[in-house]
Peer 1: 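My questions all concern the structure below.
Please read these numbers as outputs of a predicted model, since none were measured by experiment. Letters A, B, ... are given to chains in the order of the sequence lines, protein chains preceding strands, and every chain is numbered from 1.
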Protein chains: 2
Amino acid sequence: MITMTEIARLTGVSQPTVSRVLNGNTSVNPEVREKVLACAREHHFQPNAMARSLVGSGTKLIGVVLTDISNSFFADLEKYMEQAAREKGYSLILFNSDYDREKEKHCLEVMRRYRVDGLIIVPVLEQDPKFRAEIKELDIPAVSITRQTEHMDCVYIDHAAAGARVAEHLRHIGCENYLFVGTTGDRKYQGFAEKMKESDPDFEQKLTVIETKDSGKIRSILQAHFREHPGKCGIFAYNDRRAVQLHGILQRLGISMPDQAALVGFDNTYTCEYLYPGLSSVSQPNREMAARAVDILIQKIEQPANQECFDNPMQAELVIRESSER
Amino acid sequence: MITMTEIARLTGVSQPTVSRVLNGNTSVNPEVREKVLACAREHHFQPNAMARSLVGSGTKLIGVVLTDISNSFFADLEKYMEQAAREKGYSLILFNSDYDREKEKHCLEVMRRYRVDGLIIVPVLEQDPKFRAEIKELDIPAVSITRQTEHMDCVYIDHAAAGARVAEHLRHIGCENYLFVGTTGDRKYQGFAEKMKESDPDFEQKLTVIETKDSGKIRSILQAHFREHPGKCGIFAYNDRRAVQLHGILQRLGISMPDQAALVGFDNTYTCEYLYPGLSSVSQPNREMAARAVDILIQKIEQPANQECFDNPMQAELVIRESSER
DNA sequence: CTGTTAGCGCATTCAT
DNA sequence: ATGAATGCGCTAACAG
């Protein structure tokens, strides 16, 4: 791979002159300019980003840590982040933490080695003090995406509010009992339950929580549930993947949507509209979230002055389809 | 961020000694060793990968260019590639080409700037001579994944064979006419059509090709098709995303699977088994493909001797579910 | 406008 | 076993 020094030798000028031409900042003699450019083109010169960064201008690298890119929602996010970053001349170095704090820590270390200019992360455990310490140690601009954090910028949707919105909807279409698929530590659940309790003090007796991901077990639970509770059941799943799974199981059990079961998922992945009956789901503005995260980050990278942290809550929207129509 | 020179200053030894300690190659005085290690730990030292690469030991960076990571199949692939790479101390710098040759070219240029040690790519157009030239210019080990290529190592499944396998299956369950969803330039299609023609000279009259991705248009085409052709129709979609879309449309039209329509997708994404009726699909061994691609690449990076290119065709498997059961 | 000089952080000689 | 010197490719003064 050709270097500036080599181009300098070939064209008979000094290396800094080559640098000037190729970076186009200061003015150089037009003839020299052309000669150098021609030579650079001929040899497909590309500046060595490593050397450049070493000298202090940053790496133009953004470290991205996702919990799991095989989740469509995150895959979309990464795609939009890359687009936004590319527009500003940044590239992404991507890691999956697999929801594992140890791996996450390792990702952070590797990113440090590459001296990424900034960091976008979906934290495994945003409140973990160790995580906060690790981020602080990194000492570079960082924004968390998808999760609300207090010690760093964050771009997210208010999961509790979204959960509440789902509660409102399910109550509105007249459900007699409820199923939540996920863990009760989830903000979505908390917002959902809170809202329900507001209008129905007996809510907790009407609720069943399914934590397992095992299709067989879910099937048994559903079967028993619908045998004992004939009334319309509102089902809220913490993500579309689970919701699609439930959708299939309900179909197999011959439980009709939305009459017997009103199902709502989360993330509004493309499958929702293709399914039959169509799957209601909470849509996150992932393109906007990605763009916002990248913008905030790059702004902080390039203007290190303003170093306060901001909360960037964004608006989610419930997309109602056949699976939970009135 | 602390440097070796700084650690050297703090511990009163020379920078090369720090380097020796931290890289653990040559032997150093145990006392010095401990002192240096302690200091490094205390300050959370991480070697500057940029500087290290500059001095000639490579970047430990693998450039990955995918056409579209929002496709679950590729997202899975990337996840497994990252795992495999991490195990060998490499990190991934990821790009999406969006099926756009220009963007792909740009990705290649950026990778060059970062002096990635090697490259794994899903080519937009593997036969394009310009693409081949660009890869050659890069002058680093490169493997193409998912596509067969002649000028570089490749890890892929034989799409034509997989298409033939689907043909066999659909013929076997007794279809009277066929629908292919995708483009006829696709190897899957070619294998499919070839196989069909073997046993049925009239195949071409029995085939309809749907190229559009527009749900409304697909719906019209299907409606017209089933009105005119009452017999059982074998439908082969080039990927699961399209297959899921068709699945929904068929359901909405009240066309039963597998009686009236036997549907087969491609990639065997998780949705397939959750759908009802379950979606038949061709399963690619993506974990193995990813691991193989990474292994081959790293081997070539670390043993530049053997520079021949190898074909690595892998075995796909048709997973039959309700959507195309006999 | 352009060449000289210096230095980024590190690995790698070469001495000692 | 360890320090001194060198150079990777580049940018950033500085002097002409």
Side-chain angles (χ1 to χ4, degrees), chain A residues 1-37 39-40 43-61 89 109-117 139-140, chain B residues 1-37 39-40 43-61 89 109-117 139-140:
Chain A
M1 174 119 323
I2 197 166
T3 66
M4 287 190 177
T5 311
E6 184 65 9
I7 294 179
R9 201 181 58 73
L10 290 172
T11 56
V13 300
S14 76
Q15 175 267 316
T17 295
V18 175
S19 174
R20 287 176 193 115
V21 172
L22 264 19
N23 290 307
N25 303 318
T26 51
S27 54
V28 290
N29 182 310
E31 287 178 32
V32 179
R33 163 175 222 82
E34 284 316 312
K35 197 165 48 173
V36 168
L37 282 176
C39 181
H43 296 277
H44 303 100
F45 172 82
Q46 285 291 342
N48 185 325
M50 304 298 181
R52 190 178 266 184
S53 86
L54 204 54
V55 95
S57 52
T59 55
K60 292 285 181 182
L61 236 33
E109 287 173 0
V110 175
M111 292 178 27
R112 244 162 95 93
R113 288 213 265 278
Y114 286 100
R115 302 299 193 264
V116 297
D117 289 339
D139 196 37
I140 51 170
Chain B
M1 173 118 323
I2 197 166
T3 65
M4 286 191 178
T5 310
E6 185 65 6
I7 293 179
R9 202 180 57 73
L10 291 172
T11 57
V13 299
S14 73
Q15 174 267 315
T17 295
V18 175
S19 174
R20 287 177 194 116
V21 171
L22 266 18
N23 291 308
N25 304 318
T26 52
S27 56
V28 288
N29 182 309
E31 288 177 33
V32 179
R33 165 176 221 80
E34 284 317 311
K35 196 165 51 174
V36 168
L37 283 176
C39 182
H43 297 276
H44 301 102
F45 172 82
Q46 285 291 342
N48 186 325
M50 305 298 182
R52 189 176 265 187
S53 86
L54 204 54
V55 97
S57 52
T59 55
K60 293 283 181 182
L61 237 32
E109 287 172 1
V110 174
M111 293 180 23
R112 244 163 93 95
R113 289 212 266 278
Y114 285 100
R115 302 298 192 264
V116 297
D117 289 339
D139 196 35
I140 51 169

Peer 1: With sequence neighbours excluded, what pairs up with A/Lys60 under the salt bridge (charged side-chain N to carboxylate O under 4.0 Å, His left out) test?
Peer 2: A/Glu302

Peer 1: Identify, with sequence neighbours excluded, every residue that meets side chain to side chain contact (heavy atoms under 4.5 Å, CB included) alongside A/Ile7.
Peer 2: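 Partners of A/Ile7 by the side chain to side chain contact (heavy atoms under 4.5 Å, CB included) criterion, ordered by chain and then number, come out as A/Ile2, A/Thr11, A/Val18, A/Leu22, A/Val36, A/Cys39, A/Ala40, A/Phe45.
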
Peer 1: So, using side chain to side chain contact (heavy atoms under 4.5 Å, CB included) as the criterion, who are the partners of B/Val28 when residues are at least two apart?
Peer 2: B/Arg20, B/Val21, B/Arg33

Peer 1: Holding to side chain to side chain donor-acceptor pair (under 3.5 Å), I want the full list of residues that pass it with B/His44, two or more places apart in sequence or in another chain.
Peer 2: A/Glu137

Peer 1: Per the salt bridge (charged side-chain N to carboxylate O under 4.0 Å, His left out) rule, what does the pair list look like for residues 1-14 of chain B, sequence neighbours excluded?
Peer 2: B/Glu6-B/Arg9

Peer 1: How does protein reach along nucleotides 10-16 of chain C, written 5' to 3' as B (base within reach of a heavy atom under 4.0 Å), S (only sugar-phosphate), or - (no contact)?
Peer 2: BBBB---

Peer 1: Given A/Gln46, which partner from the list B/Arg113, B/Arg112, B/Arg115 fulfils the side-chain hydrogen bond (donor to acceptor under 3.5 Å, both in side chains) test?
Peer 2: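 The option that passes is B/Arg113.
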
Peer 1: With sequence neighbours left out, what residues match A/Asn48 under side chain to side chain donor-acceptor pair (under 3.5 Å)?
Peer 2: none

Peer 1: Can you name the residues that form a side chain to side chain donor-acceptor pair (under 3.5 Å) with A/Thr3, not counting sequence neighbours?
Peer 2: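 Partners of A/Thr3 under the side chain to side chain donor-acceptor pair (under 3.5 Å) test: none.
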
Peer 1: Quickly work out the B/Glu6 CD to C/dG9 P distance and round it to whole Å.
Peer 2: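 Atom-to-atom, B/Glu6 to C/dG9, this comes out as 9 Å.
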
Peer 1: For A/Arg52, enumerate each residue passing the side chain to side chain contact (heavy atoms under 4.5 Å, CB included) test, keeping only those at least two apart in sequence or located in another chain.
Peer 2: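 Result, side chain to side chain contact (heavy atoms under 4.5 Å, CB included) vs A/Arg52: A/Asn23, A/Pro47, A/Ser57.
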
Peer 1: Could you list where the contact with chain A starts and ends along DNA chain D, reading 5' to 3', using a 4.0 Å heavy-atom cut-off?
Peer 2: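 Extent of the interface on DNA chain D: D/dG9 to D/dA13.
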
Peer 1: Using side chain to side chain donor-acceptor pair (under 3.5 Å) as the criterion, list what pairs up with B/Thr5, not counting sequence neighbours.
Peer 2: none

Peer 1: Output the rounded distance in Å from CE (B/Met50) to C1' (C/dG7).
Peer 2: 18 Å

Peer 1: If you fit an axis to the five pairs at each end of the helix from C/dC1-D/dG16 to C/dT16-D/dA1, how big is the angle between those two axes, to 10 degrees?
Peer 2: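 Rounded value for the end-axis angle: 40°.
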
